[in-house]
Engineer: 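Got a structure for you, written out below as structure tokens; questions coming shortly.
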Amino acid sequence: MIGITHEPLNPEQITNQVRQDGNGAVVTFLGTTRDSFEGKRVLKLDYEAYEEMALKKMAEIQQEICAEFGIADIAIVHRIGPVDIGQISLVVAVASPHRKEAFYACHKVVDRVKEIVPIWKKEVFEDGSRWVACEDHEFTHPEPAVLNTDND
Amino acid sequence: MIGITHEPLNPEQITNQVRQDGNGAVVTFLGTTRDSFEGKRVLKLDYEAYEEMALKKMAEIQQEICAEFGIADIAIVHRIGPVDIGQISLVVAVASPHRKEAFYACHKVVDRVKEIVPIWKKEVFEDGSRWVACEDHEFTHPEPAVLNTDND
Amino acid sequence: MHLVVTFFALYRERAGLRQLALELPDGGTVTDLTDTIRQRFPNLAPPDVKIVVAVNAEYADPDLALHEGDEVCLIPPVSGG
Amino acid sequence: MHLVVTFFALYRERAGLRQLALELPDGGTVTDLTDTIRQRFPNLAPPDVKIVVAVNAEYADPDLALHEGDEVCLIPPVSGG
């Protein structure tokens with residue numbers, strides 16, 4: 001199961017998609033909006049996706065993980081649009097017969113989502129905003145004031 | 001939050017206990033009853049606990065993980081009594097600012113629960129049952145027919 | 001001293017009882033207790049398997065001295081999760 | 001050839017637009033495209049940062065040849081999760 005949605009995510013419903021009688025372990029990851037970044041108060045995150053390609057990459061990640069760990073019961077659902085503090089932006093659920101594989105596979109799925117899926121998040125502060133770059137801090141210098149928040 | 005209960009577990013409610021606005025990552029583990037063991041059909045698991053000591057050990061695990069990973073948002077809840085196929089016997093939820101620590105800490109909590117918490121599970125097959133030993137297979141030879149299922 | 005020993009899970013079923021009242025010489029240790037238990041229940045655990053004991057809800061060293069009133073439990077290999 | 005290039009996120013905001021119609025000589029590659037884009041939007045990305053391009057919803061090598069009708073998108077560093 002993969003998906004991109006503008007609606008709030010339901011982690012239990014997504015987790016239940018991967019539960020099977022042959023599985024003894026289910027690992028679920030929730031990515032949630034933190035209230036601060038380097039001491040600055042964050043008001044919300046705003047996610048944008050290249051949806052067609054993002055869904056394609058999420059399906060590729062499922063196949064990758066299946067090839068590496070032999071695990072087919074994988075769900076990846078990303079929320080886009082504004083996500084308030086404490087709310088969930090990403091749910092990854094992985095189930096397998098034993099726990100070790102489920103932990104490793106779930107962790108790897110999350111890492112890969114952050115590496116290759118074309119989704120972007122903007123941190124919105126009280127006095128501005130910045131587009132986050134995937135952990136490499138390539139673009140973590142403060143952005144100039146946003147000129148065009150929406151050009152569609 | 002730690003607990004032992006005879007009732008069905010509610011993973012979402014337990015997970016919500018550890019969610020905080022300062023956390024960006026939540027990892028939840030569900031241990032569920034598998035339908036087979038080495039090719040044999042399992043009908044259910046039956047869990048027994050030394051409750052007073054089990055709760056004490058679960059609290060110690062929380063402290064251990066807090067010392068190692070600096071993570072305080074940890075929930076461990078174990079169900080005891082009969083647990084049918086596909087149902088949940090253990091929920092561990094861990095939340096932290098970043099995902100790596102949450103994954104490692106959750107995995108470690110589950111490992112430690114299986115190592116030191118005095119809880120035992122019996123696999124019930126169509127033609128008998130056996131007490132499972134923690135992954136060391138010390139007692140995995142078939143048990144003699146159970147003479148006394150309950151002596152209380 | 002007078003002790004009440006509690007058996008769980010596999011040990012409960014193998015011994016055929018849940019609790020046992022036991023007399024042990026004063027100054028007796030955990031090892032003295034498990035020796036007594038093994039004599040009484042030779043099939044409780046194979047000779048090469050250590051019988052783990054909890055005293056007052058804590059794992060106990062084999063040379064720990066026991067006292068009247070201690071809460072003593074026999075702990076088979078655990079398998080929660 | 002005639003191409004429509006889509007800008008996302010950081011690049012959309014820096015360029016001040018979401019889509020751009022562009023003429024590229026036939027046989028042009030992804031690198032030809034990003035060179036053209038950099039000339040037109042010098043502040044889109046620092047010179048040492050490679051501009052990643054997706055062609056038909058797949059990450060494209062810099063020397064991939066483009067064709068009329070390709071769906072071309074500029075992909076800033078991703079940050080989902």
Side-chain angles (χ1 to χ4, degrees), chain B residues 4 29-33 45-58 60-61 76 78-80 83 88-92 109-123 129-141 143-152, chain C residues 3-22 29-31 33-34 36-62 64-81:
Chain B
I4 292 177
F29 172 84
L30 311 182
T32 58
T33 298
L45 296 179
D46 214 334
Y47 285 88
E48 179 173 335
Y50 175 9
E51 288 197 35
E52 178 196 353
M53 183 171 166
L55 289 168
K56 194 173 150 186
K57 289 290 150 191
M58 285 154 84
E60 277 178 31
I61 292 169
I76 312 171
H78 208 300
R79 181 176 174 187
I80 57 173
V83 180
I88 302 164
S89 52
L90 173 64
V91 178
V92 173
V109 169
V110 178
D111 285 351
R112 293 296 283 157
V113 166
K114 287 166 179 273
E115 280 166 14
I116 68 164
V117 175
I119 295 180
W120 302 271
K121 73 174 149 235
K122 184 201 261 184
E123 282 174 345
S129 64
R130 72 173 196 116
W131 287 100
V132 181
C134 176
E135 322 222 346
D136 59 8
H137 299 285
E138 189 174 57
F139 283 98
T140 54
H141 52 80
E143 281 301 308
V146 173
L147 298 174
N148 300 276
T149 47
D150 205 345
N151 305 285
D152 297 48
Chain C
L3 292 170
V4 175
V5 181
T6 303
F7 295 66
F8 285 102
L10 179 67
Y11 292 164
R12 176 175 53 70
E13 290 188 351
R14 284 191 176 163
L17 45 74
R18 182 171 173 77
Q19 286 194 316
L20 176 70
L22 209 73
T29 64
V30 164
T31 299
L33 175 84
T34 52
T36 306
I37 295 283
R38 280 187 191 274
Q39 282 177 356
R40 186 110 168 223
F41 304 99
N43 295 322
L44 201 69
D48 59 317
V49 171
K50 190 186 149 205
I51 295 178
V52 175
V53 174
V55 177
N56 301 325
E58 189 51 71
Y59 290 113
D61 284 334
L64 181 79
L66 294 169
H67 301 91
E68 178 93 22
D70 279 345
E71 185 187 331
V72 179
C73 299
L74 304 186
I75 309 285
V78 303
S79 56

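Lettering follows sequence order; numbering is per chain, from 1. Keep in mind the model is a prediction, meaning the values are calculated, not measured.
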Engineer: Would you mind checking which part of B/Val117 comes under 4.5 Å of any heavy atom in chain C, side chain (CB onward), backbone (N, CA, C, O), both or neither?
Structural biologist: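 The backbone, not the side chain.
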
Engineer: Output all residues satisfying side chain to side chain contact (heavy atoms under 4.5 Å, CB included) with C/Val52, sequence neighbours left out; order by chain, then residue number.
Structural biologist: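 For C/Val52 the side chain to side chain contact (heavy atoms under 4.5 Å, CB included) partners, ignoring immediate neighbours, are C/Tyr59, C/Ile75.
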
Engineer: Is the side chain of B/Tyr47 donor-acceptor paired with the backbone N or O of C/Ser79 at a distance under 3.5 Å, no angle test?
Structural biologist: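 No; zero donor-acceptor contacts below 3.5 Å.
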
Engineer: Which bit of B/Ala54 is near chain C, if near means a heavy-atom gap under 4.5 Å: side chain, backbone, both or neither?
Structural biologist: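 Neither part.
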
Engineer: Just give me the residue among B/Ile116, B/Val113, B/Val110 that pairs up with chain C most often, heavy atom to heavy atom, under 4.5 Å.
Structural biologist: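 Going by pairs under 4.5 Å, I would pick B/Ile116.
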
Engineer: Could you tell me which of B/Ser89, B/Gly31, B/Pro118 has the largest number of non-hydrogen atom pairs under 4.5 Å with chain C?
Structural biologist: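 Of B/Ser89, B/Gly31, B/Pro118, B/Pro118 has the most heavy-atom pairs under 4.5 Å with chain C.
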
Engineer: Step through the shown structure and confirm whether more than 12 heavy atoms of other residues, nucleotides or ligands are within 6.0 Å of CZ on C/Arg38.
Structural biologist: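 Yes - once you tally the heavy atoms of other residues, nucleotides and ligands closer than 6.0 Å, there are more than 12.
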
Engineer: Quick check on B/Lys56 against chain C: is it the side chain, the backbone, both or neither that has a heavy atom closer than 4.5 Å?
Structural biologist: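 Contact with chain C is through the side chain of B/Lys56 alone.
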
Engineer: Keeping the roles fixed (side chain from B/His78, backbone from C/Gly80), state whether a donor-acceptor pair exists under 3.5 Å.
Structural biologist: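 Absent.
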
Engineer: Just so I know, are the side chains of C/Glu71 and B/Met53 near enough to count as touching, which here means a heavy-atom distance under 4.5 Å?
Structural biologist: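 Of all side-chain heavy-atom pairs linking B/Met53 with C/Glu71, none is under 4.5 Å.
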
Engineer: Calculate, to the nearest 0.5 Å, the distance between atoms CH2 and CZ belonging to B/Trp131 and C/Phe8 respectively.
Structural biologist: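 Between B/Trp131 CH2 and C/Phe8 CZ, I get 10.5 Å after rounding to 0.5 Å.
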
Engineer: Report yes if some heavy atom in the side chain of C/Leu10 is under 4.5 Å from a heavy atom in the side chain of B/Trp120; otherwise report no.
Structural biologist: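 In short, these two side chains do not touch, never coming nearer than 4.5 Å.
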
Engineer: Is chain B contacted by the side chain of C/Gln19, its backbone, both, or neither, given a heavy-atom distance below 4.5 Å?
Structural biologist: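 It is neither, since no heavy atom gets under 4.5 Å.
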
Engineer: Is C/Asn43 close to chain B through its backbone or its side chain, or both, or neither, when contacts mean heavy atoms under 4.5 Å?
Structural biologist: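 Neither part, no heavy atoms under 4.5 Å.
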
Engineer: Donor-acceptor pair, B/Lys122 side chain versus C/Ala9 backbone, under 3.5 Å?
Structural biologist: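 Flag not set: sc B/Lys122 to bb C/Ala9 has no pair under 3.5 Å.
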
